[in-house]
2 protein chains.
Amino acid sequence: MRAKTNSTAKNKPIGIFDSGFGGLTVMSAVNKVLPGENLIYFGDTAHVPYGSKSKNTVIKFSKDIAAFLTKSNIKMLVIACNTASAFALPVLKKQMTIPVVGVIEPGAKAAVTATKNKKIGIIGTEGTVGSNSYYKAVKKISKATVFQQACPLFVPLVEEGLNKGAITDEIVKLYVKPLTAKKIDTLILGCTHYPLLKNTLKKIAGKNIRLIDSANATASSVKKILEENAMTSGKNSGGKLLFYASDNPEKFQKIGSRFFTNKIKNVKKVYLE
Amino acid sequence: MRAKTNSTAKNKPIGIFDSGFGGLTVMSAVNKVLPGENLIYFGDTAHVPYGSKSKNTVIKFSKDIAAFLTKSNIKMLVIACNTASAFALPVLKKQMTIPVVGVIEPGAKAAVTATKNKKIGIIGTEGTVGSNSYYKAVKKISKATVFQQACPLFVPLVEEGLNKGAITDEIVKLYVKPLTAKKIDTLILGCTHYPLLKNTLKKIAGKNIRLIDSANATASSVKKILEENAMTSGKNSGGKLLFYASDNPEKFQKIGSRFFTNKIKNVKKVYLE
């Protein structure tokens with residue numbers, strides 16, 4: 001039996017944040033499975049990228065954003081950034097009274113379900129890979145062998161709009177070939193930018209390798225938690241979307257539209273001290 | 001006649017800052033022409049890169065750093081970052097009582113001196129190119145035709161250590177060919193990271209194109225201003241070097257050493273609020 005909606009939570013929005021545009025792939029997936037929920041997105045474009053920064057700095061930025069979104073009375077927080085999930089999820093879970101979801105655990109679960117030969121590859125930023133978070137999340141639930149590869153050029157490549165072509169092929173080969181040489185059958189896209197490289201990744205990795213996009217896995221997890229806690233809006237359409245960026249709202253609107261199915265409008269600028 | 005050294009300024013350090021490592025190419029050049037000066041470097045690695053960020057945000061970061069270096073009693077400030085020079089130089093010049101030098105004017109002057117056919121190309125970050133600062137600096141002193149090209153992939157490429165090779169060749173072609181097609185004879189490297197791509201740039205641009213590295217031009221300018229204002233240390237060796245980074249001091253030490261002739265040691269972390 002589906003739980004009755006908790007009336008105080010009903011109309012509250014879900015907060016979603018990322019260092020920049022990448023988390024919009026997660027917002028898009030959440031909007032697809034929960035089209036009646038109001039969503040607020042915060043892109044920390046003044047501090048992007050997080051992937052090359054240290055744990056303490058990423059935790060500081062994440063706490064500031066969580067505090068900002070809390071003021072908007074959110075009922076749930078989604079950390080739509082792999083680096084921030086790796087570093088800040090435990091801290092925010094402890095600190096906040098609402099459910100907090102990251103992208104790593106759902107992605108790891110999906111990969112463990114998908115792999116047949118128990119060899120899983122992980123690609124991500126320096127921060128995500130260095131934190132070993134996917135590695136630990138997979139190892140917690142499976143005996144699969146895990147191979148990791150940091151791909152620092154993927155994010156700038158996607159933001160430059162180079163999702164395909166000769167240069168992209170070569171850079172993808174540089175990072176992915178060492179993993180395919182290990183005979184992985186499943187590859188976790190451990191950064192929210194990477195779904196935009198899916199076609200090239202498929203071509204270079206080969207048809208036999210299953211690509212795991214954390215965005216969809218995270219969206220399913222968000223839906224499940226809302227339902228279990230009787231926190232859904234109870235609507236099946238018409239959810240409002242709100243966007244904040246800490247810098248360059250115009251650029252956010254322009255590049256962000258590549259990451260999201262809907263056209264992004266009215267991005268507000270808020271710099272957090 | 002060389003001016004007598006002003007005794008109060010004698011032992012004060014010169015402050016140099018950049019968004020990250022790139023400005024170390026400027027510090028290295030200053031250290032070569034002024035080996036007796038104490039130098040303090042601040043790399044804003046918590047906010048790197050500046051090149052993709054907005055004017056107001058870059059000004060805010062630059063002011064915070066200038067305030068921090070002022071506490072170290074510096075006698076001169078060098079903005080060793082093209083984006084920060086483009087956006088924050090006028091503000092800092094107005095606000096500070098010590099000489100403030102950027103990298104753009106010296107680079108533009110050197111290019112105007114070098115060009116024969118009066119066709120100058122400029123490569124830089126999105127911020128630098130978008131600000132038109134080199135364009136304006138060249139136009140102020142010359143009637144040369146100026147062609148600009150933003151190269152967002154160069155900084156991540158250099159930071160990944162890919163200064164040469166097939167991928168680098170292709171990316172350099174992507175950005176530089178539109179400029180060589182315009183028959184430029186001089187190319188300003190409008191970002192402090194780009195000197196590390198010099199060999200590839202020479203290869204792709206061709207032998208007939210003169211590359212202008214702002215670092216050397218800026219160092220000459222720093223020396224001239226110190227001498228004219230009787231602010232030199234009066235020493236010819238033994239200048240002390242001090243390094244601060246707002247994040248990841250270990251990474252700063254490791255990657256920074258690629259940008260500087262001397263080995264970088266004892267990087268201190270300071271996050272500016």
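Computation of the quantities below employed the complete heavy-atom set of this structure, encompassing side-chain atoms and omitting hydrogens, waters and symmetry-equivalent molecules. In this text the structure is predicted, and so the values were computed from the model without any measurement. Below, chains carry the letters A, B, ... as their sequence lines are ordered, and counting in each starts from 1.
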### Query
Under 3.5 Å, side chain of A/Lys251 to main-chain N/O of B/Ser54, donor-acceptor pair present?
no
### Query
Do the side chain of B/Asn248 and the main chain of A/Ser52 share a donor and acceptor less than 3.5 angstrom apart?
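Yes, the answer is positive, given that a donor and an acceptor are paired below the 3.5 Å cut-off.
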Rounded to the nearest 0.5 Å, what separation is found between the [atom1] atom of [X] and the [atom2] atom of [Y]?
{"X": "B/Ile171", "Y": "A/Leu162", "atom1": "CD1", "atom2": "CG", "result": "8.0 Å"}
{"X": "A/Glu126", "Y": "B/Glu159", "atom1": "CD", "atom2": "CD", "result": "8.5 Å"}
{"X": "A/Lys60", "Y": "B/Asp247", "atom1": "NZ", "atom2": "CG", "result": "11.5 Å"}

### Task
Under 4.5 Å heavy-atom distance to chain A, tell me which part of B/Tyr50 shows up: side chain, backbone, both or neither.
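Neither part.
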### Message
Does any backbone or side-chain atom of B/Ile167 lie under 4.5 Å from a heavy atom of chain A? Answer side chain, backbone, both or neither.
### Response
side chain
[X] atom [atom1], neighbour heavy-atom count above 12 within 6.0 Å:
{"X": "A/Phe68", "atom1": "CZ", "answer": "yes"}
{"X": "A/Tyr175", "atom1": "OH", "answer": "yes"}
{"X": "A/Asn132", "atom1": "CG", "answer": "yes"}
{"X": "B/Lys269", "atom1": "NZ", "answer": "yes"}

## Note on the structure
Residues B/Glu160 and A/Pro152: closest non-hydrogen pair is OE1-CG, 3.1 Å
### Task
For chain A, find which of B/Val48, B/Asn56, B/Leu157 contributes the most heavy-atom pairs closer than 4.5 angstrom.
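Highest number of pairs under 4.5 Å: B/Val48.
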### Task
Apply side-chain contact (heavy atoms from CB on, under 4.5 Å) to the pair A/Thr57 and B/Thr45, showing each step before the final yes or no.
CA-CA 10 Å; A/Thr57 296; B/Thr45 46; over 6 Å; no
### Query
Once the angle between the rings of B/His47 and A/His47 is folded into 0 to 90°, is it parallel (under 30°), tilted (30 to 60°) or perpendicular (over 60°)?
parallel
